[in-house]
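Presented below is the structure to which this report refers.
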Amino acid sequence: MDLNLTEDQETIRDVFAAFFDRETGPERARAAEPFGFDSDAWDRLKETGAPGMGVPEAAGGAGASLADLVVVATEAGARIAPLPLIDHQVTARLLATVGACDANVLSGATIAGLVVRPMDGEIARTVPTGSVANFLIALVDDRLVATNAPPGNHLPNHGCLPLAHRDFAGAAVLTEGAEAVAAHRRAVDEWRTLTAATLVGIAREALVLGVEYVKHRAQFGRPVGSFQAIQHLLADLPGLIDGAHLLTAKAAWAGDRSSVGILGILDVDANDVTDFAALAAMALVAAGEAATVATDRSLHVHGGYGFSEEYDIQLYYRRARGLSYLLDDPARECRRLFSILLNDPDGLHKSSQEAGQH
Amino acid sequence: MDFSLGERAESFRTEVRAFLGEHLTPTVIQQMHTTGTFNNKDFNSALAEAGLLAGAVPGYGNRDPIELYVLFNELEKAGAPYEGLAVTMLVAGVVHAVGTEFHHNEVLKPLLTGRYTCCLGYSEPDHGSDVAAITTRAIRDGKDWVIDGQKMWTTMAHEADWVILLTRTNPDVPKHKGLTMFLVPMDLPGIEIQPVATMATERTNATFYDGVRLGDQWRLGEVDGGWNVMGVALAFERGVMGGTNPAVPLLRHIRDWAANTPSPEGGPLLDDPLLRERMGRTAIANQVSQLLTLRAAWIAATGGLPGLEGSMAKLYATERYQQAVGWFQQMAGAEGLLSFGASHAAANGWIDYDGRHSPVMTIYGGTTEINRNNVAERHLGLPRAR
Ligand SMILES: Cc1cc2nc3c(=O)[nH]c(=O)nc-3n(C[C@H](O)[C@H](O)[C@H](O)COP(=O)(O)OP(=O)(O)OC[C@H]3O[C@@H](n4cnc5c(N)ncnc54)[C@H](O)[C@@H]3O)c2cc1C
């Protein structure tokens with residue numbers, strides 16, 4: 001048991017915190033609206049090696065673990081970086097497992113993305129990186145396919161994410177069969193975990209913004225942060241956020257173990273869960289809740305200013321929802337989770353995710 | 001980060017589970033709910049004989065806080081009577097931390113046999129959350145002290161051999177500075193215990209102290225230094241000694257029940273989508289509660305004082321437990337209202353039980369509001385509201 005970051009991870013955290021402070025942040029996120037992509041920042045990010053850092057060394061990457069990527073994603077989330085970073089990292093790792101990760105993906109010269117939801121025939125709807133990815137991977141039936149068609153038309157959206165529909169007609173098949181299904185499923189679980197990490201970062205910063213605001217905003221002759229009603233709205237958040245953070249880190253730990261063949265446990269009766277798929281689903285739901293609640297409360301304690309375009313909290317508020325609901329309704333994710341916990345994947349109430357995969 | 005318990009704690013957990021498999025019989029569980037006493041001396045002494053109890057004292061012996069957490073977490077998850085034991089072991093930890101040789105011989109040693117019990121005498125009828133304002137007096141009389149006053153909610157007093165009693169020794173200084181803690185043998189003349197029934201199965205007590213005379217050797221910590229002793233005790237209480245995973249047995253009971261109960265819409269209730277969603281949410285909350293508690297244990301294991309982290313764990317876990325109980329109670333409908341022993345009671349009466357029990361978990365050991373105040377002021381650095 002060790003709940004500290006490793007020394008390497010502390011370095012990664014510090015380096016990327018400084019990078020995202022310098023190259024991204026609320027001002028840059030605002031400037032990148034509504035498209036949700038800052039190409040200058042992406043160019044700089046390429047210089048850090050981040051796009052290929054999660055690819056195994058044998059495949060030309062830096063061999064970072066999923067736990068390392070959680071550290072980076074959390075810092076990116078805290079600064080709502082308008083970069084398709086986690087999608088790219090997850091897709092690069094997926095490509096490496098099927099021997100298809102080329103130098104342009106490693107360097108980030110090609111932006112890679114993943115279709116995480118079931119296909120609508122040959123159409124992928126509302127793809128997380130649809131308007132920026134020029135190399136996009138999807139699972140169609142049991143075939144892992146890739147398209148290098150140009151990015152799609154941006155769809156204006158709540159979180160100002162780079163969303164677009166994409167057409168996979170005529171896409172090249174990378175691999176097929178059980179291997180393809182398993183590789184895609186694993187990649188989507190990694191996406192869940194890193195999206196959760198991004199949401200934890202969003203939640204953490206939303207709390208900081210709220211606390212700072214109420215310390216300085218005065219009404220009735222005293223800081224509004226001295227009113228207990230305000231304090232209690234905020235006091236629930238550290239446990240909620242830290243809990244989601246621990247769960248996300250645990251999911252990454254389980255994911256790293258499963259990739260070296262250590263199987264996890266699924267014993268809900270004893271609250272003993274170390275299975276990656278279960279923990280990834282749990283982390284996404286918990287982090288989504290932490291981020292939606294934290295941004296809601298933080299915005300609320302800003303009063304009217306929280307609603308104004310000028311204040312940063314509204315940027316966090318919208319991205320919290322955007323990332324939480326992008327994959328699926330959290331309620332359906334909970335049902336899917338419970339099927340995993342009951343070891344009942346063919347249960348009556350399969351999620352659309354699973355339904356689409358079979 | 002590494003979320004495995006580690007070999008030592010893992011093998012300790014195996015021992016605890018083996019012990020529970022043998023000693024936690026349905027009779028033991030039933031007895032706690034029929035008597036209202038969540039403490040079983042035979043069970044506790046069997047734990048001691050199995051060599052598992054020394055590890056239950058915070059800071060004592062060769063067990064670290066992770067193992068302490070493991071013990072109480074396993075007891076709680078299994079539905080064992082652990083509350084009395086947790087209080088007793090908490091007092092043992094306080095005695096170990098601040099007690100004299102006399103206390104070690106007279107109190108700590110017997111406590112480690114599992115045959116003796118302690119209770120907490122902090123709260124009074126008029127002073128609960130503001131516990132530093134208590135008025136039970138201890139006045140010096142020669143070499144002795146004489147105690148007069150009343151305590152409320154002295155759970156387990158009717159079974160206890162000692163009460164750890166917070167008294168006022170100096171009313172002329174700010175409230176935190178005039179308190180002194182005593183270990184008081186419960187068989188001294190002048191102590192009276194009256195039962196207080198609750199809406200759930202557990203019983204508690206009011207205790208009265210009328211000219212109770214005891215020697216200075218029973219004082220725990222400095223004269224007027226009682227608040228420091230409270231600090232030690234509270235750090236243990238809000239840390240890792242159970243109380244943050246009550247929804248684990250709940251979920252198990254719900255699952256058994258739903259698998260064997262037909263849904264009005266056809267099929268087993270376990271296939272109901274809303275039920276599955278809520279069970280999934282409860283499973284998530286159980287993991288989060290466990291991780292927040294484990295973090296507190298880990299901070300203690302690495303030399304820190306996890307007071308605030310304990311507050312966060314308690315806040316989160318108890319609110320989620322109450323929420324989950326509310327969901328399942330609604331979904332069980334009329335049969336969910338039926339109590340232990342009633343024919344056709346949903347989940348054999350556990351839904352009714354958890355519905356009765358869950359509100360108190362957000363009250364005792366520091367209410368939700370007091371924990372929020374702690375987090376707001378000491379973690380978020382917001383200005384004092386009071
Ligand atoms: C079953 C049971 C067992 C117990 N066992 C023990 C025991 O063994 N030993 C022991 O000493 N005590 C015990 N207690 C007492 C318990 O610790 C107190 O009930 C608790 O601390 C709250 O005190 P109170 O009941 O006086 O409520 P009050 O302090 O009167 O609180 C009433 C309400 O006001 C709120 N409130 C109070 N102060 C503030 C504030 N500053 N800001 C915002 N809200 C506030 C509270 O949160 C609560 O909602 C037990 C209680 C119960 C019910």
Side-chain angles (χ1 to χ4, degrees), chain A residues 1-6 9 67 207 211 214-215 222-223 225-228 230-232 234-240 242-244 246-247 249-250 252-254 257 268-274 278-279 281-283 285-286 289 330-342 347-349, chain B residues 1-6 9 17 66 73-74 77-78 245 248 251-252 255 267 270-271 273-274 276-281 283-292 294-295 297-299 301-302 308-309 311-313 315-316 319 369 371-377 379-386:
Chain A
M1 163 120 283
D2 184 359
L3 299 182
N4 279 330
L5 296 178
T6 62
Q9 286 171 341
L207 174 58
V211 168
V214 302
K215 276 183 186 166
R222 53 187 179 129
S226 68
F227 299 124
Q228 199 179 46
I230 297 292
Q231 295 190 351
H232 284 195
L234 298 175
D236 288 333
L237 300 178
L240 197 62
D242 291 358
L246 286 163
L247 195 50
K250 186 177 177 185
W253 166 81
R257 294 209 327 164
V268 66
D269 284 344
N271 195 22
D272 215 347
V273 180
T274 55
L279 287 168
M282 287 183 167
V285 174
E289 185 191 339
R332 195 157 25 240
E333 186 76 353
C334 287
R335 294 203 287 275
R336 193 183 141 275
L337 163 69
F338 203 67
S339 291
I340 298 175
L341 292 173
L342 287 186
L348 270 177
H349 303 283
Chain B
M1 297 193 200
D2 178 3
F3 290 88
S4 54
L5 281 176
R17 286 186 175 175
I66 304 285
N73 190 240
E74 291 301 319
K77 289 190 305 188
N245 253 173
V248 174
L251 191 60
R252 198 165 59 229
R255 179 184 162 179
L270 195 61
D271 286 340
L274 184 57
R276 285 171 90 91
E277 175 199 331
R278 288 173 166 179
M279 291 176 79
R281 289 193 191 279
I284 297 172
N286 285 346
Q287 274 292 302
V288 171
S289 302
Q290 184 189 64
L291 286 166
L292 288 171
L294 203 47
R295 175 176 68 165
W298 182 77
I299 288 171
T302 49
L308 282 166
E309 289 77 9
S311 281
M312 290 181 207
L315 257 179
Y316 178 90
E319 298 273 321
E369 287 69 30
N371 281 300
R372 284 185 180 138
N373 290 345
N374 277 344
V375 173
E377 286 165 20
H379 182 72
L380 299 178
L382 294 172
R384 256 180 107 78
R386 294 153 295 147

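Values reported hereafter were calculated over all heavy atoms of this structure, with side chains retained and with hydrogens, waters and symmetry mates removed. First the proteins, then the strands, lettered A, B, ... as listed; each starts at 1.
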Locate the shortest heavy-atom distance separating [X] from [Y]; write the atom from each residue and the value.
| X | Y | value |
| --- | --- | --- |
| A:Gly225 | B:Pro383 | O-CD, 3.8 Å |
| A:Gly239 | B:Leu292 | O-CD1, 3.7 Å |
| A:Leu341 | B:Ala283 | CD1-CB, 3.5 Å |
| B:Val375 | A:Ala235 | CG1-O, 3.6 Å |

Top residue by heavy-atom pair count (under 4.5 Å) with chain A, among [options]?
| options | result |
| --- | --- |
| B:His379, B:Glu319, B:Arg295 | B:Arg295 |
| B:Glu277, B:Gln290, B:Met312 | B:Glu277 |
| B:Met279, B:Gln287, B:Arg278 | B:Gln287 |

Tell me whether [X] contacts the main-chain N or O of [Y] through its side chain, where contact means a donor paired with an acceptor under 3.5 Å.
| X | Y | value |
| --- | --- | --- |
| A:Asn271 | B:Asn286 | yes |
| B:Arg252 | A:Asp269 | yes |
| A:Gln231 | B:Leu382 | no |

Contact class of [X] relative to chain A, heavy atoms under 4.5 angstrom:
| X | result |
| --- | --- |
| B:Leu251 | side chain |
| B:Phe3 | both |
| B:Asn73 | neither |
| B:Glu369 | both |
| B:Arg17 | side chain |
| B:Leu315 | side chain |

Drop me the distance from [X]'s [atom1] to [Y]'s [atom2], to the nearest 0.5 angstrom.
| X | Y | atom1 | atom2 | answer |
| --- | --- | --- | --- | --- |
| A:Arg335 | B:Asp271 | CZ | CG | 12.0 Å |
| B:Leu294 | A:Leu246 | CG | CG | 8.5 Å |
| A:Asp272 | B:Leu5 | CG | CG | 8.0 Å |

With a 4.5 angstrom heavy-atom cut-off, could you sort out which part of [X] is near chain B: side chain, backbone, both or neither?
| X | value |
| --- | --- |
| A:Leu279 | side chain |
| A:Ala67 | neither |
| A:Leu337 | side chain |
| A:Leu207 | side chain |

Any side-chain heavy-atom pair of [X] and [Y] under 4.5 Å:
| X | Y | value |
| --- | --- | --- |
| B:Thr302 | A:Asn4 | no |
| A:Leu342 | B:Arg276 | yes |
| B:Met1 | A:Leu5 | yes |
| A:Val268 | B:Arg255 | yes |
| A:Asp2 | B:Trp298 | yes |

Out of A:Val285, A:Val211, A:Thr274, A:Asp242, which one racks up the most heavy-atom pairs below 4.5 Å with chain B?
A:Asp242

So, applying side chain to side chain contact (heavy atoms under 4.5 Å, CB included) with A:Lys250, which one of B:Leu291, B:Val288, B:Asp2 is it?
B:Leu291

